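Following: one structure in structure tokens, then a few remarks.
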Amino acid sequence: MSSSTDSAAGSSLSVATERAANVRLMIFDVDGILTDGSLHFGADGEVIKTFNVLDGHGIKLLQQSGVATAIISARQSPIVLRRATDLGIQHVFQGIHDKRSAFEQLLAQTKTAADACGFIGDDVIDLPILSRVGFAASVPNGHQEVRSRVHYVTQASGGRGAARELCDFILRAQGNYETAIAPYLS
């Protein structure tokens, strides 16, 4: 499915909007979604990641509208925990290659039904979650097997505003976008 506006995609966009309207918990993958997927290694072997501030603000707006947020990532990185803390993301699962089990733990912790969750991922490791959530999304630079199985594909690439675009999409679907940006318009 796609975010384009031709007639078939328009129908898909309608379905994606309907599904996004029901999201109460939005879950983000990290590498390839909140970052561009590149791994930069410092001289001491530490991994350096670059996050997009637009994405961060979108996540905060989503939280302020009442949608909880979480991270599920196969890689372990202290910088991800730091970024999650900065953004107020309370549920962070890292270093878990069985994302399905992390998702089950998250559902139990938050007492949220799978169909009230959204997830954005970019690779086949994300399919066990993407196939269970009520609203599944990916990025245009995600793996074809993922893009072909989701409800919504962002126009922006991972690490380049995709998370913000998705947050805005959910806010609009839930009728909360104007309220979310109103404080910045006065």
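Here the structure is a predicted model, which is why all the values come from computation and not from measurement.
The structure places CG of Asn176 at 6.0 Å from OG1 of Thr179, a figure rounded to the nearest 0.5 Å. Here the CG-CG distance, from Leu25 to Leu107, works out to 7.5 Å after rounding to the nearest 0.5 Å. Leu171 contributes atom CG, which lies 8.5 Å from atom CZ of Arg164 (distance to the nearest 0.5 angstrom). For the atom pair CG (Asp36) and OG1 (Thr50), the distance works out to 7.0 Å, reported to the nearest 0.5 Å. Atom CZ of Phe93 sits about 12.0 Å away from atom CG of Asp98, to the nearest 0.5 Å. The OH atom of Tyr152 lies 15.5 Å from the CZ atom of Arg19; values are rounded to the nearest 0.5 Å.
Looking only at side-chain heavy atoms (C-beta outward), Gln105 and Phe103 stay at 4.5 Å or farther from each other. Looking only at side-chain heavy atoms (C-beta outward), Phe51 and Thr35 come within less than 4.5 Å of each other. Taking 4.5 Å as the limit, every side-chain heavy atom of Val139 sits out of range of all side-chain heavy atoms of Ser157. In this structure, the side chains of Tyr177 and Ser65 stay at 4.5 Å or more apart for every pair of heavy atoms.
When hydrophobic clusters are built by joining Ile, Leu, Val, Met, Phe, Trp and Tyr residues whose side-chain heavy atoms come closer than 4.5 Å, directly or via intermediates, Leu54 is not grouped with Ile89. The hydrophobic cluster containing Ile48 does not contain Val80, counting ILVMFWY residues as joined when their side-chain heavy atoms lie under 4.5 angstrom apart, directly or transitively. In terms of hydrophobic clustering, with Ile, Leu, Val, Met, Phe, Trp and Tyr side chains grouped at heavy-atom distances under 4.5 Å, Ile125 and Val30 are assigned to different clusters. Hydrophobic cluster membership is shared by Leu166 and Ile181, with clusters built from Ile, Leu, Val, Met, Phe, Trp and Tyr side chains linked at under 4.5 angstrom.
Scanning both residues, Ala20 and Phe169, for their nearest heavy atoms gives CB-CE2, 3.7 Å. For the residue pair Ile79 and Ser77, the shortest heavy atom distance occurs at CG2-OG, 3.0 Å. Heavy atoms only, all atoms of each residue included: Gly118 and Val23 are closest at N-CG1, 4.0 Å. The two atoms that bring Ala162 and Ala156 nearest to each other are CB-O, 3.4 Å, heavy atoms only. Contact between Ile71 and Ala84 at its shortest, heavy atoms only, is CD1-CB, 4.0 Å. Between Ser131 and Pro128, the closest heavy-atom pair is OG-O, 3.4 Å.
Pairs passing the salt bridge (charged side-chain N to carboxylate O under 4.0 Å, His left out) check and including a residue from residues 78-93, sequence neighbours excluded, read Arg82-Asp86. Counting only residues at least two apart or on different chains, the salt bridge (charged side-chain N to carboxylate O under 4.0 Å, His left out) pairs with a member in residues 113-129 are Lys99-Asp126. Residue pairs meeting the salt bridge (charged side-chain N to carboxylate O under 4.0 Å, His left out) criterion with at least one member in residues 67-77, sequence neighbours excluded: Asp31-Arg75.
Gln63 contributes a side-chain N or O that, together with a main-chain N or O of Leu87, makes up a donor-acceptor pair within less than 3.5 Å. With hydrogens and angles disregarded, a donor-acceptor distance shorter than 3.5 Å links the side chain of Arg147 to the backbone of Gly142. A distance-only check finds no donor-acceptor pair linking the side chain of Gln90 to the backbone of Thr85 [under 3.5 Å].
Residue Arg100 places its CZ atom among 12 or fewer non-hydrogen atoms of other residues, nucleotides or ligands, all under 6.0 Å distant.
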For this session: Please report the C-alpha distance between Leu34 and Asp29 in whole Å, then the side-chain angles of each, then the deciding distance to 0.1 Å, and finally whether the side-chain contact (heavy atoms from CB on, under 4.5 Å) criterion is met.
Result: CA-CA 7 Å; Leu34 297 179; Asp29 180 28; over 6 Å; no
Exercise. Would His57 and Tyr184 count as a ring-ring contact (aromatic ring centres under 6.0 Å, His included) if you check the C-alpha gap in whole Å, the side-chain angles of each, and the deciding distance to 0.1 Å?
Worked result: CA-CA 12 Å; His57 195 79; Tyr184 307 103; 5.4 Å; yes
Problem set entry | Check against side-chain contact (heavy atoms from CB on, under 4.5 Å), Glu18 and Val15 | CA-CA 5 Å; Glu18 184 178 311; Val15 169; 5.7 Å; no
Exercise. Hey, mind stepping through Ile96 and Ser101 against side-chain contact (heavy atoms from CB on, under 4.5 Å) and telling me if it holds?
Worked result: CA-CA 8 Å; Ile96 301 175; Ser101 70; 4.1 Å; yes
Problem set entry | From CA spacing to verdict: side-chain contact (heavy atoms from CB on, under 4.5 Å), Cys167, Ile59 | CA-CA 6 Å; Cys167 291; Ile59 290 169; 4.0 Å; yes
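No hydrogens or angles considered: nothing links the side chains of Gln94 and Ser73 as a donor-acceptor pair under 3.5 Å.
Contact check on Glu145 versus Arg149 returns a salt bridge, with a Lys/Arg side-chain nitrogen under 4.0 Å from an Asp/Glu carboxylate oxygen.
The six-membered or imidazole ring of His151 lies away from that of Phe119, with a centre-to-centre distance of 6.0 Å or more.
Considering Leu127, Val133, Leu130, Ile120 as possible partners of Val150, the one that fulfils the side-chain contact (heavy atoms from CB on, under 4.5 Å) test is Leu130.
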